[in-house]
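See below for the structure under consideration.
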2 protein chains.
Amino acid sequence: MPHPSSSPIPALDALKRAGLLGTAAQVAVLDYLQRTEHGHFSAEEIHRRIAASGDRMNLSTTYRVLNQLVEAGFVANVSLGKHHSLYELNTGEVHDHLVCVVCGRIEEFSDPTINRRRVAIAKKFGLRFIGKTLALHGVCAACAARAHPPRPRAK
Amino acid sequence: MPHPSSSPIPALDALKRAGLLGTAAQVAVLDYLQRTEHGHFSAEEIHRRIAASGDRMNLSTTYRVLNQLVEAGFVANVSLGKHHSLYELNTGEVHDHLVCVVCGRIEEFSDPTINRRRVAIAKKFGLRFIGKTLALHGVCAACAARAHPPRPRAK
DNA sequence: ATGGATGCAAACGCTTTGCATAAAT
DNA sequence: ATTTATGCAAAGCGTTTGCATCCAT
């Protein structure tokens, strides 16, 4: 995948500073995630979106690049339950996720109380804290309304 | 896998009440989890332990039985990060997990404050709450000591 | 020329499934 | 007789890897 000769991309600089080459594939992935901040995507989705925009890149390259970006700290890999591994831009802000099990929609939230308790609990158990996974699963308002319409209108 | 003609097993009754047949395989799995309350096992581990105790059962049967038990509410399937899907007895008590990323040891905890916040947050976002996944990952005290011995003794 | 990055295909680990057989009601 | 469960082998899915090639320095 060759570099498209477009205007200078902010992602490129950051990549080089992190010691990566800043190849077209790396730029494409990081750039996509930066442009969709607060989006959550599977590796395959990211691959598909980039392909849709004209640059073709192999799926295994997408995985390799994502792993590099995670290691370099640009991207976070969140596991929201079985077979639900998503990538998001690492903004540095601690946050957790709400997941609608019907439509798959994902929202972010951050609760200082929970965050404080987490630290306290890790300390209490003597755990040198590395990371956390917190996701609340449920049915979002829209899906609940669709499933149990408040007043099914006659047609 | 035929029923071993042992003494009446508490698991059997519960299974029948839940509408399952209470076959040898079902009893073996549920019984194992009941005898190791607060244990956390992969499907393969459960399969191996049961095989080790003499009853041979196919791995796919183990998966099928585990799924039945989850659906019937006897067992919970907890996903603790990627490729870490474990089964535990469902005791009805809400709890979360601490995971040592070095030795894999798992501890349970339950924090009323966190639990309260969870409910509040789900409500605030209009999410009909179904379940949650919370795991704290880190290095447990024992592993930390092994990695950074406070005073490496000369041999 | 060197070391990293890529494409491709093949392998991986975990989990599920199709199908024929066997067991329970 | 009918439904449900089992073993076995094969397929599924998401992800990783080996290897030859390619690209950037």
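Residue numbers begin at 1 in each chain, while the letters A, B, ... track the order of the sequences.
- Spacing between atom CG of N67(A) and atom C1' of dT17(D) amounts to 12 Å, rounded to whole angstrom units.
- The side-chain contact (heavy atoms from CB on, under 4.5 Å) search around S53(A) returns D55(A), not counting sequence neighbours.
- For K16(B) and A43(B), each mapped to the nucleotide of DNA chain C holding its nearest heavy atom, the one lying further toward the 5' end belongs to A43(B).
- For the pair E44(B) CD and dT16(C) C1', the interatomic distance rounds to 14 Å; values are reported in whole Å.
- The shortest distance between the side-chain N/O atoms of T61(A) and the OP1/OP2 oxygens of dA5(C) is not below 4.0 Å.
- Under 4.0 angstrom from either OP1 or OP2 of dC8(C) there lies at least one side-chain N or O belonging to N58(A).
- Between the side chains of R64(A) and N67(A), no donor N or O sits under 3.5 Å from an acceptor N or O.
- A search for side-chain contact (heavy atoms from CB on, under 4.5 Å) contacts involving A142(B) returns C140(B), R146(B), not counting sequence neighbours.
- Taking atom CG on D55(A) and atom P on dG7(C), their separation rounds to 11 Å, with Å as the unit.
- Near DNA chain D, meaning a heavy atom under 4.0 Å away, the residues from residues 68-76 of chain B are Q68(B).
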Atom pairs under 3.5 Å, N or O on each side, protein against nucleotides 18-21 of chain D: can you list them with distances?
unit_1	atom_1	unit_2	atom_2	d
dG18(D)	O6	R64(A)	NH1	3.2

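- For R48(A), the side-chain contact (heavy atoms from CB on, under 4.5 Å) criterion is met by E45(A), not counting sequence neighbours.
- One can place CG of N77(B) at 14 Å from P of dC14(C), the figure rounded to the nearest angstrom.
- Distances shorter than 4.0 Å separate some side-chain N or O of Y63(A) from OP1 or OP2 on dT15(D).
- Applying the ring-ring contact (aromatic ring centres under 6.0 Å, His included) test to residues at least two apart or on different chains, none of the pairs has a partner in residues 120-146 of chain A.
- Applying the ring-ring contact (aromatic ring centres under 6.0 Å, His included) test to residues at least two apart or on different chains, the pairs with a partner in residues 28-50 of chain B are Y32(B)-F41(B), H40(B)-H97(B).
- Taking the side chain of T23(B) as heavy atoms from C-beta on, and the options dT6(D), dG7(D), dA5(C), the nearest nucleotide is dT6(D).
- In this structure, the side-chain contact (heavy atoms from CB on, under 4.5 Å) partners of A120(B), at least two apart in sequence or on a different chain, are R117(B).
- Atom pair H47(B):NE2 and dG13(C):P shows a separation of 17 Å (rounding to whole Å applied).
- Counting only residues at least two apart or in different chains, side chain to side chain donor-acceptor pair (under 3.5 Å) contacts with residues 69-79 of chain B comprise N77(B)-S85(B).
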Test side chain to side chain contact (heavy atoms under 4.5 Å, CB included) on L30(A) and L12(A); report intermediate values, then the result.
CA-CA 9 Å; L30(A) 180 51; L12(A) 181 60; over 6 Å; no
